Amino acid sequence: MDGLEPGKSIQIQSYKHNGQLHRVWDTTTVLKGTSNRVIGANDKTLVTESDGRTWITREPAICFFHSKYWFNVIGMLRDDGIYYYCNISSPFVFEDRAVKYIDYDLDVKVFPDMTYTLLDEDEYELHKSQMNYPKVLDKILWNNVDHLLHWVRQRKGPFSPEFVDQWYELYLTYR
């Protein structure tokens, strides 16, 4: 896909259901980019929140986006292992040199031993009410939580033992 060539720098833009920009990661290096899947990496990248606050990521991360699944996965390489932060979200679109998705609040944090915690259910319920998520969307999102947790338990996709390490090794060749 044009603009998703390996080694190119892109932004990641997260929105809310009402179309409001939520968060922007300034630079992510494309490692693999197709119409169905984007794998990127970043380290110490600038992140801008919707209220204008900024912060810098602390560790290298491998990002996995798919056009079929309603989640994305960030594998963070820390001294004591790989931690995963998974956003329940719309499938991504790529436009204007940015991977874009709608963040639906529900998150899953996966620890190096592959135990996990579901986060932000209260925030999800609040936004579901405030933004009138349709029932069909609620069903899609919870089905994708189940699908994601199946991947975690089965060590599939970005949760396979070698996934993050292999992509990180490639990322290092671009730095």
Side-chain angles (χ1 to χ4, degrees), residues 1-4 8-42 45-57 61-76 83-110 116-152 156-159 163-164 167:
M1 257 177 92
D2 198 32
L4 280 175
K8 295 277 186 189
S9 184
I10 60 170
Q11 276 193 341
I12 297 171
Q13 299 175 0
S14 160
Y15 293 82
K16 287 299 180 185
H17 185 77
N18 62 7
Q20 183 177 358
L21 186 62
H22 174 57
R23 187 173 288 141
V24 176
W25 288 259
D26 196 47
T27 54
T28 295
T29 301
V30 174
L31 302 175
K32 181 176 182 67
T34 68
S35 58
N36 290 327
R37 186 170 71 149
V38 173
I39 298 168
N42 58 51
T45 194
L46 178 68
V47 180
T48 304
E49 302 288 340
S50 59
D51 64 5
R53 286 181 304 124
T54 60
W55 53 279
I56 304 229
T57 60
I62 301 299
C63 311
F64 172 87
F65 300 91
H66 203 284
S67 64
K68 179 179 168 188
Y69 302 114
W70 288 70
F71 55 80
N72 58 65
V73 178
I74 296 96
M76 297 165 289
Y83 289 77
Y84 299 89
Y85 201 85
C86 313
N87 298 292
I88 300 302
S89 66
S90 67
F92 84 93
V93 296
F94 182 74
E95 62 183 23
D96 303 325
R97 304 205 38 75
V99 165
K100 301 177 181 185
Y101 65 90
I102 299 169
D103 182 307
Y104 282 105
D105 307 310
L106 292 169
D107 300 305
V108 176
K109 185 173 182 179
V110 182
Y116 55 83
T117 307
L118 181 64
L119 305 170
D120 302 329
E121 290 173 90
D122 50 345
E123 189 180 353
Y124 174 76
E125 290 301 324
L126 176 67
H127 286 155
K128 181 172 91 168
S129 170
Q130 286 177 341
M131 296 183 217
N132 298 310
Y133 296 175
K135 280 188 172 40
V136 66
L137 176 62
D138 185 59
K139 185 173 175 53
I140 288 167
L141 296 174
W142 284 107
N143 284 343
N144 275 268
V145 169
D146 291 342
H147 193 78
L148 175 67
L149 294 178
H150 175 77
W151 275 22
V152 172
K156 283 186 67 172
F159 305 104
F163 184 92
V164 169
W167 288 109

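None of the values given here were measured: they were computed from a predicted structure.
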Q | Side-chain donor/acceptor of Thr45 to backbone N/O of Thr27, under 3.5 Å | A |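 Such a contact is found between Thr45 side chain and Thr27 backbone.
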If you measure from [atom1] on [X] to [atom2] on [Y], what distance do you get to the nearest 0.5 Å?
| X | Y | atom1 | atom2 | answer |
| --- | --- | --- | --- | --- |
| Trp70 | Leu137 | CH2 | CG | 5.5 Å |
| Asn42 | Met76 | CG | CE | 10.5 Å |
| Gln13 | Asp103 | CD | CG | 13.5 Å |
| Tyr104 | Ile140 | OH | CD1 | 9.0 Å |
| Arg37 | Ser67 | CZ | OG | 10.5 Å |
| Asp107 | Leu148 | CG | CG | 10.5 Å |

Note, [X] side chain near [Y] side chain (heavy atom, < 4.5 Å):
| X | Y | value |
| --- | --- | --- |
| Asn87 | Ile74 | yes |
| Phe65 | Ile12 | yes |
| Ile39 | Ile62 | yes |

Search all heavy atoms of [X] against all heavy atoms of [Y] and return the closest pair with its distance.
| X | Y | result |
| --- | --- | --- |
| Gln20 | Asn18 | N-OD1, 3.0 Å |
| Val164 | Gly75 | CG2-CA, 4.2 Å |
| Val110 | Cys86 | CG2-SG, 4.2 Å |

Q | Residues that Tyr15 engages under ring pair (Phe, Tyr, Trp, His ring centres under 6.0 Å), provided they are two or more places apart | A |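 None.
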Q: Give the C-alpha distance, both sets of side-chain angles, the deciding distance and a yes or no for side chain to side chain contact (heavy atoms under 4.5 Å, CB included) between Leu118 and Val108.
A: CA-CA 5 Å; Leu118 181 64; Val108 176; 3.8 Å; yes
Q | Whether Phe64 and Phe163 hold their rings parallel, tilted or perpendicular, with breakpoints at 30° and 60° | A |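 Because their plane-to-plane angle is over 60°, the rings of Phe64 and Phe163 count as perpendicular.
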(Q) Ring-plane angle category for Tyr69 and Phe71, please: parallel below 30°, perpendicular beyond 60°, tilted otherwise. (A)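 It falls in the parallel class, under 30°.
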Q. Which is it for Lys32 and Val38 under the side chain to side chain contact (heavy atoms under 4.5 Å, CB included) test, yes or no, and what are the steps along the way?
A. CA-CA 6 Å; Lys32 181 176 182 67; Val38 173; over 6 Å; no
Do any side-chain atoms of residues 88-97 form donor-acceptor pairs under 3.5 angstrom with protein atoms, and if so which ones, sequence neighbours left out?
residue: Ser89; atom: OG; partner: Asn72; partner atom: ND2; Å: 3.1
residue: Ser90; atom: OG; partner: Ile102; partner atom: N; Å: 2.8
residue: Glu95; atom: OE2; partner: Lys100; partner atom: NZ; Å: 3.1
residue: Arg97; atom: NH2; partner: Ser9; partner atom: O; Å: 2.6

Q. Asp105 pairs by side-chain contact (heavy atoms from CB on, under 4.5 Å) with which of His127, His22, His17, Glu121?
A.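 Exactly one candidate clears the test, His127.
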Q) Is the centre of the Tyr133 ring less than 6.0 Å from the centre of the Tyr124 ring? A)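 Judged by ring-centre distance (under 6.0 Å), Tyr133 and Tyr124 do meet the cut-off.
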**Q.** Under the salt bridge (Lys or Arg N to Asp or Glu O under 4.0 Å) test, residues paired with Asp138 that sit two or more places apart
**A.**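 Listed in chain order: Lys128.
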